[in-house]
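These notes are about the structure you will find just below.
Just so you know, these numbers use all the heavy atoms, side chains as well, and skip hydrogens, waters and symmetry mates. Along the sequence shown, residues carry numbers from 1.
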Amino acid sequence: MGDAFCSDCKKHTEVVCDHSAGDTVCSECGLVLESHSIDETSEWRTFANESGDNDPVRVGGPTNPLLTDGGLSTVIAKPNGASGDFLSTSLGRWQNRGSNPDRGLILAFKTIATMSDRLGLVATIKDRANEIYKKVEDQKSSRGRNQDALLAACLYIACRQEDKPRTVKEICSVANGATKKEIGRAKEYIVKQLGLEAGQSVEMGTIHAGDFMRRFCSNLGMSNHTFKAATEAVKTSEQFDIRRSPISIAAAVIYIITQLSDDKKPLRDISLATGVAEGTIRNSYKDLYPHVSKIIPTWYANEEDLKNLSSP
């Protein structure tokens with residue numbers, strides 16, 4: 001039973017849903033308000049103790065416009081019965097012999113999806129990385145290059161373009177052995193190739209130190225109070241000409257903020273959470289120190305607290 005507006009009764013009445021016919025009927029006058037409605041709920045229920053062989057799914061995956069056949073090709077499964085053993089094996093063997101033009105793309109998309117899942121990235125970034133790789137692959141100029149580095153570079157560029165940047169070190173941690181140097185070279189190659197195709201420079205998106213604050217502060221287990229102060233401080237630091245990378249500035253600001261709080265974080269912990277070397281954090285702190293009175297919010301620390309801050 002539900003509630004809906006009936007055009008005959010001129011009011012909201014209780015309705016009865018006839019699931020077998022797909023009709024929605026007014027309980028007071030009997031008018032069919034909706035007919036042949038589609039049931040969008042699942043047609044089965046899955047339980048944890050059920051065997052994996054009894055898969056009730058009768059539909060394929062979603063279409064993929066990046067593949068030649070839209071991702072709707074049929075794959076013959078492995079045999080699971082004595083009667084169909086010979087037929088399934090033969091069909092599977094013939095299918096494997098046939099050339100699938102999208103086989104390389106499918107494997108690449110799976111690798112990108114795995115890296116995205118390990119980094120906790122949203123689907124839009126994964127899809128953008130797939131599009132970038134497809135464009136590079138269509139140019140037929142990537143043969144002989146490190147495939148893992150190429151895929152990792154596509155993911156790095158996608159993160160930048162979607163305004164959710166990740167550090168090269170973070171990308172490197174899921175890149176199946178590709179080094180930072182290899183990923184850097186692959187990134188430059190992809191940007192060059194995409195630029196040649198578009199006839200103009202590729203927009204990579206600007207990296208700001210604030211883009212990393214939430215993740216870095218979360219890795220360190222900082223409170224909302226200190227996180228808010230760090231975010232405000234790093235935003236103010238952009239007004240000064242501090243010639244350091246955004247990641248280094250973010251790490252240095254976090255170090256300053258934690259030193260002014262009751263929950264002080266060792267430099268080593270900040271280095272592990274941000275992926276920035278301890279020496280780099282110290283040098284960035286040295287550059288920020290002359291501006292610390294203007295960078296740190298007044299509601300977080302007063303002049304007396306700033307005087308107690310250790311000089312670099």
Side-chain angles (χ1 to χ4, degrees), residues 115-122 125 152 155-156 159-160 163-181 183-184 207-240 242-312:
M115 291 192 294
S116 299
D117 291 341
R118 291 176 63 185
L119 288 172
L121 302 177
V122 295
I125 296 177
L155 196 60
Y156 175 80
C159 290
R160 290 276 299 269
D163 293 328
K164 301 291 182 184
R166 290 294 189 272
T167 65
V168 179
K169 185 172 277 189
E170 287 177 301
I171 298 291
C172 187
S173 66
V174 298
N176 300 322
T179 63
K180 289 173 63 176
K181 198 171 186 179
I183 295 175
I207 295 180
H208 300 281
D211 297 334
F212 305 97
M213 295 305 292
R214 182 175 295 277
R215 193 163 69 256
F216 289 169
C217 292
S218 176
N219 292 341
L220 287 165
M222 293 167 59
S223 64
N224 289 333
H225 183 66
T226 52
F227 165 69
K228 184 180 178 183
T231 305
E232 190 173 324
V234 82
K235 188 175 182 180
T236 309
S237 68
E238 294 179 357
Q239 301 173 8
F240 303 96
I242 302 168
R243 300 185 179 181
R244 294 282 174 180
S245 69
I247 303 168
S248 302
I249 293 174
V253 168
I254 290 174
Y255 176 72
I256 295 171
I257 291 293
T258 56
Q259 294 309 301
L260 293 169
S261 69
D262 295 331
D263 185 20
K264 294 179 172 57
K265 302 291 183 184
L267 193 62
R268 177 179 175 82
D269 291 352
I270 296 174
S271 175
L272 290 173
T274 61
V276 182
E278 294 181 30
T280 305
I281 298 176
R282 287 195 192 95
N283 292 333
S284 301
Y285 172 55
K286 190 183 297 183
D287 294 341
L288 285 169
Y289 187 78
H291 313 287
V292 72
S293 60
K294 298 177 181 178
I295 291 174
I296 304 301
T298 53
W299 57 263
Y300 184 77
N302 53 39
E303 291 184 10
E304 193 64 31
D305 296 328
L306 296 178
K307 288 178 182 178
N308 295 330
L309 195 65
S310 60
S311 58

Worksheet item: NZ of K265: more than 12 outside heavy atoms within 6.0 angstrom?
Response: yes
Discussion item. Taking side-chain hydrogen bond (donor to acceptor under 3.5 Å, both in side chains) as the definition, give me every residue that meets it alongside Y156, ordered by chain and number, with sequence neighbours left out.
Written reply: R160
Worksheet item: In Å, rounded to the nearest 0.5 Å, how long is the span from CE of M115 to CD1 of I171?
Response: 7.5 Å
Discussion item. The criterion is side chain to side chain contact (heavy atoms under 4.5 Å, CB included); which residues satisfy it with S245, sequence neighbours excluded?
Written reply: I247, S248
Worksheet item: Which heavy-atom pair separates V276 from S271 by the least distance, and what is that distance?
Response: O-OG, 2.6 Å
Worksheet item: Would you say the side chain of W299 lies within less than 4.5 Å of the side chain of K228, judging by non-hydrogen atoms?
Response: yes
Discussion item. Tell me the closest heavy-atom pair linking I281 and L267, and the distance in Å.
Written reply: CG2-CD1, 3.5 Å
Worksheet, complete the sentence: One should read off an interatomic distance between L119 CG and S173 OG, to the nearest 0.5 angstrom, of 5.5 Å
Item to complete: Mind checking side chain to side chain contact (heavy atoms under 4.5 Å, CB included) for S261 and listing every partner two or more places apart, or none if nothing turns up?
Response: T226, T258, D263, Y300
Discussion item. Applying salt bridge (charged side-chain N to carboxylate O under 4.0 Å, His left out) as the test, list every pair that has at least one member in residues 243-254; sequence neighbours left out.
Written reply: D241-R243, R244-D287
Item to complete: Applying side chain to side chain contact (heavy atoms under 4.5 Å, CB included), name anything that partners K180, two or more places apart in sequence or on another chain.
Response: V168, K169, C172
Worksheet, complete the sentence: So CD1 of I295 and OH of Y289: to nearest 0.5 Å the spacing works out to 12.5 Å
Worksheet entry | With T167 via side-chain hydrogen bond (donor to acceptor under 3.5 Å, both in side chains) - residues at least two apart | E170
Item to complete: Starting at CG of L155, measure out to CZ of R166 and round the result to the nearest 0.5 Å.
Response: 9.0 Å
Fill in: Considering all heavy atoms, the nearest D269-L220 contact
O-CD2, 3.6 Å
Practice prompt. Just jot down the ring-ring contact (aromatic ring centres under 6.0 Å, His included) partners of H208, sequence neighbours excluded, or say none.
Written response: none
Item to complete: Please name the pair of heavy atoms, one in A251 and one in I270, separated by the smallest distance, quoted to 0.1 Å.
Response: O-CG2, 3.9 Å
Discussion item. Restricting to ring-ring contact (aromatic ring centres under 6.0 Å, His included), what partner residues turn up for F216, sequence neighbours left out?
Written reply: F212
Worksheet, complete the sentence: Heavy atoms of I207 and P246 approach each other most closely as O-CG, 3.6 Å
Worksheet item: Would you say T231 and R214 make side-chain contact, with heavy atoms under 4.5 Å?
Response: no
Worksheet entry | Heavy-atom closest pair, residues P297 and E232 | CB-OE2, 3.6 Å
Worksheet entry | Heavy-atom check, side chain of R215 versus side chain of N219, under 4.5 Å | yes
Fill in: Residues that R268 engages under side chain to side chain contact (heavy atoms under 4.5 Å, CB included), provided they are two or more places apart
L272, E278
Discussion item. Are the side chains of I125 and C159 in contact, using a 4.5 Å heavy-atom criterion?
Written reply: yes
Fill in: Distance in Å, L260 CG paired with N302 CG, rounded so as to fall on 0.5 Å steps
9.5 Å
